[in-house]
A.B. asks: 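I have a structure I would like to understand better, so I am pasting it below and will then ask my questions one at a time.
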Amino acid sequence: MSSTTHPSLAVGRRLPNAFDLAALLCVFAVVIGVVRVAPATFKPIAAAGALAVDLAPSHLPEYALRTTLRMFAALALSLLFTFTYAPLAVRSRRAGFVLIPLLDVLQSVPILGFLSFTTAFFMGLFPGSVLGLELAAIFAIFTSQAWNMAFSFYQSLTTIPRDLEEAARSFHLTAWQRFWRLDVPFAIPGLVWNTMLSMSGGWFFVVASEAITLGDNTWKLPGIGSYVAEALAKRDLGAIGWAILAMFGVILIYDQVLFRPLVAWSAKFRFEVTAGAVAADPWLLKLLRRTRVLRLAADGVSDAVGRLAALPLGGVTGGASATPQRRTRMGDAVFFTIVGLVVALAVVRVVDYITANHIGWADLAEAVGLGCITLLRVVVLIALASLVWVPVGVWIGLRPAWARRIQVVAQFLAAFPANLLFPIFVVLIVRFHLSADIWLTPLMILGTQWYILFNVVAGASAFPGDLQEAAESLHLRGWLWWRRVILPGIFPYYVTGAITASGGSWNASIVAEVATWGHDKLVAHGLGAYIAQATDAGDFPRIVLGVAVMSGFVIVFNRGVWRPMYAYATRRLTLS
């Protein structure tokens, strides 16, 4: 009996079906939306309506689309940054010595600190054009996304199990092949969860990135962020409600269309998968599998990516080094001397700039004192967030079906801007004569807890199934199970989340320590409020001083607390 497929059946399988038509309509809808809003990007700033923000709800779909496009543009830049920065920090000992502390600084520098300088830079590139402001907003969103993703990828690269490392060496993979066949697949589960968190982080700071105020100049790019800023300025609770609804709708759409399929797809990259460890595929993946033309196109793209990943680029990993030890030590001495000179020169330049603008020791002492207050808030909030979200994250991560249900809710809560809670907090504090130093502090937790939750969920999702089965067979329960089984397994993920939570908390202090509702403005004592007020006044010397002091706090705290914990977690995992 011949196994040859009848020609008419083969042709029929290649013809589009109703599912292809539905997918094509969705693609056309996205393209039409992009084409509709793209011309506004190239308008002159002085053009009528170029930067106008109308609180009518009918404008929200357009504003939501423009904000979403900015966030996905920033996300693409963040992925490019992640795939270049983290591998360089891991593969080069000398580069890692510089890049990891630099990443600590970058994640702690407030978005308002970036906006103070980058807005002028991008507007200088495109003078008088909305494009300059668009690029400044995208860069600001990028700074709220990239550091978390880079830390996640770095953590994955430093905790690859030894047997996988040995397999890569035994197959004589080149650096390029190893990157795409070992590094990226091993990092995918954690990176997907942190990408979701980074998108939410972009929403958290969307008001600061779209409603740009510097000195006497204010620009509001049409978007949900500027819509919220306008509603807060006019004390329009109805408009705030519409903004929340629009934001939830956008998050729900890209969760269903992008992140839910990505989480399901990432499950196949788990180091070990046991029966029942993977939840059922989401509806969109099931729908795509019923298409014909789209599946053929996807197979073609997959084959092209596979051939690209198989190219023998770079040297074979794991080979013996031919560099004499003496030459290596001499190179290290030269390298670290150059780095020390560059750092010393940068410090001298910053000090000269500050002192030249009549900033003295009293101003430095004030900034350091306010930094200590903010540090206390950060430590307390991270401790509270850890106590609450580590058990919750473990429970969610070990139950994929529940993870799917909670995913969109967690994304929405993580994306909820602190500015939207200003009316509640300001009214309550003013009405009951409460202390702003205490009662504005909970606003910072919105930028803290989700880094811990999402990373713990990623760690629990990647927890090896054989270890779970072994714990069950040994009847490990209660605190013994937490201490001997799950906490050691998720510890590297938790530390990664805690490091990014620390930086996120410092960043959130800019938003949380100054709350405005109409004409009422509350200011808590802290370094975040110091930088925010300096930014509003256009006081560049104090902005530089505040950012420098904040960076110093973060570096000392990370070097003294988080990095030793991270090194311990890495040694424990790689030796196991």
A.B. asks: Quick one, T67 and M247 - any side-chain contact, counting heavy atoms below 4.5 Å?
C.D. replies: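 They are not in contact (no side-chain heavy atoms under 4.5 Å apart), so the answer is no.
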A.B. asks: CG/L77 to OG1/T82 distance, rounded to the nearest 0.5 angstrom?
C.D. replies: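 The OG1 atom of T82 is 10.5 Å from CG of L77, to the nearest 0.5 Å.
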A.B. asks: Output yes when a side-chain donor or acceptor of Y493 lies under 3.5 Å from a complementary backbone atom of Q155, and no otherwise.
C.D. replies: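 The answer is no, because no donor-acceptor pair under 3.5 Å joins these two groups.
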A.B. asks: In terms of heavy-atom contacts, does CH2 of W395 have more than 12 from other residues, nucleotides or ligands at under 6.0 Å?
C.D. replies: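 Check passes, neighbour count above 12.
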A.B. asks: Taking the side chain as everything from C-beta on, heavy atoms only, tell me whether Y227 gets closer than 4.5 Å to K220.
C.D. replies: no
A.B. asks: Do S198 side-chain atoms and N194 backbone N/O form a donor-acceptor pair below 3.5 Å?
C.D. replies: yes
A.B. asks: Of all the heavy-atom pairs spanning A137 and L221, show the shortest one and how long it is.
C.D. replies: CB-CD1, 3.7 Å
A.B. asks: Look only at the side chain of T374 and the backbone of G371, and say whether a donor-acceptor pair between them is shorter than 3.5 Å.
C.D. replies: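 Not a single qualifying donor-acceptor pair exists.
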A.B. asks: Is any side-chain heavy atom of Y254 closer than 4.5 Å to a side-chain heavy atom of I251?
C.D. replies: yes
A.B. asks: If you measure from the Lys or Arg side-chain nitrogens to the Asp or Glu carboxylate oxygens, is any gap between E210 and R66 under 4.0 Å?
C.D. replies: no
A.B. asks: Between T84 and L88, does a side-chain contact (heavy atoms from CB on, under 4.5 Å) hold up when you go through it step by step?
C.D. replies: CA-CA 6 Å; T84 52; L88 183 60; over 6 Å; no
A.B. asks: Quick check: do L125 and F121 have side-chain heavy atoms less than 4.5 Å from each other?
C.D. replies: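 Contact flag for L125/F121 side chains = yes.
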A.B. asks: Do the side chains of R377 and D437 get nearer than 4.5 Å, heavy atoms only?
C.D. replies: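 Side chain of D437 against side chain of R377, heavy atoms only: contact under 4.5 Å found.
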A.B. asks: Under a plain distance cut-off of 3.5 Å, with no hydrogens placed, do S386 and Y494 share a side-chain donor-acceptor pair?
C.D. replies: yes
A.B. asks: Show the numbers, then the answer: is there a side-chain contact (heavy atoms from CB on, under 4.5 Å) between L133 and F122?
C.D. replies: CA-CA 7 Å; L133 292 175; F122 286 113; over 6 Å; no
A.B. asks: Can you check whether L102 reaches Y85 side chain to side chain, under 4.5 Å on heavy atoms?
C.D. replies: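 The answer is yes; the side chains approach within 4.5 Å.
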A.B. asks: What verdict does the side-chain contact (heavy atoms from CB on, under 4.5 Å) test give for T195 and F454, after you've listed the backbone C-alpha separation in whole Å, the side-chain angles of each residue and the deciding distance to 0.1 Å?
C.D. replies: CA-CA 10 Å; T195 301; F454 276 60; over 6 Å; no
A.B. asks: Using 30° and 60° as the class limits, which term best fits the ring planes of W450 and W389: parallel, tilted or perpendicular?
C.D. replies: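 If you compare the ring of W450 with that of W389, the planes turn out tilted.
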A.B. asks: Any donor and acceptor pair, going by atom type alone, linking the side chain of Q145 with main-chain N or O of S78 inside 3.5 Å?
C.D. replies: no
A.B. asks: Considering non-hydrogen atoms only, spot the tightest contact between A74 and I138 and give its length.
C.D. replies: CB-O, 3.6 Å
A.B. asks: Which heavy atom of P391 sits nearest to which heavy atom of L387, and what is that distance?
C.D. replies: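 Shortest heavy-atom contact: CD-O, 3.4 Å.
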A.B. asks: Does the gap between the ring centers of F81 and F142 come in under 6.0 Å?
C.D. replies: yes
A.B. asks: On a heavy-atom basis, which atom in A140 and which in S209 lie closest, and how many Å separate them?
C.D. replies: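 In terms of heavy atoms, the two residues are closest at CB-CB, 3.8 Å.
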A.B. asks: Dump the intermediate steps for side-chain contact (heavy atoms from CB on, under 4.5 Å) on L55 and W242, then the final yes or no.
C.D. replies: CA-CA 9 Å; L55 293 184; W242 282 111; over 6 Å; no
A.B. asks: State, to 0.1 Å, how close V53 and S226 come at their nearest heavy-atom pair, and which atoms those are.
C.D. replies: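 What the structure gives for the nearest pair is CG2-OG, 3.7 Å.
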A.B. asks: State, yes or no, whether a side-chain contact exists between L453 and L197 at a heavy-atom distance under 4.5 Å.
C.D. replies: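 No, their side chains stay 4.5 Å or more apart.
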A.B. asks: Heavy-atom distance under 4.5 Å between the side chains of W203 and I224, does that happen here?
C.D. replies: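 Side chain of W203 against side chain of I224, heavy atoms only: contact under 4.5 Å found.
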A.B. asks: What distance do L80 atom CG and M149 atom CE have between them, rounded to the nearest 0.5 Å?
C.D. replies: 10.5 Å
A.B. asks: Is it the case that the side chain of N148 and the backbone of Y451 share a donor-acceptor pair, with hydrogens and angles ignored and the cut-off at 3.5 Å?
C.D. replies: no
A.B. asks: Return the orientation label for the F153 and F83 ring planes: parallel under 30°, perpendicular over 60°, tilted otherwise.
C.D. replies: perpendicular
A.B. asks: Ring centres under 6.0 Å, that's the criterion: do W265 and F259 meet it?
C.D. replies: no
A.B. asks: More than 12 non-hydrogen atoms from neighbouring residues, nucleotides or ligands closer than 6.0 Å to NE2 on H59, yes or no?
C.D. replies: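 Yes, because the 6.0 Å sphere around NE2 of H59 holds more than 12 heavy atoms from other groups.
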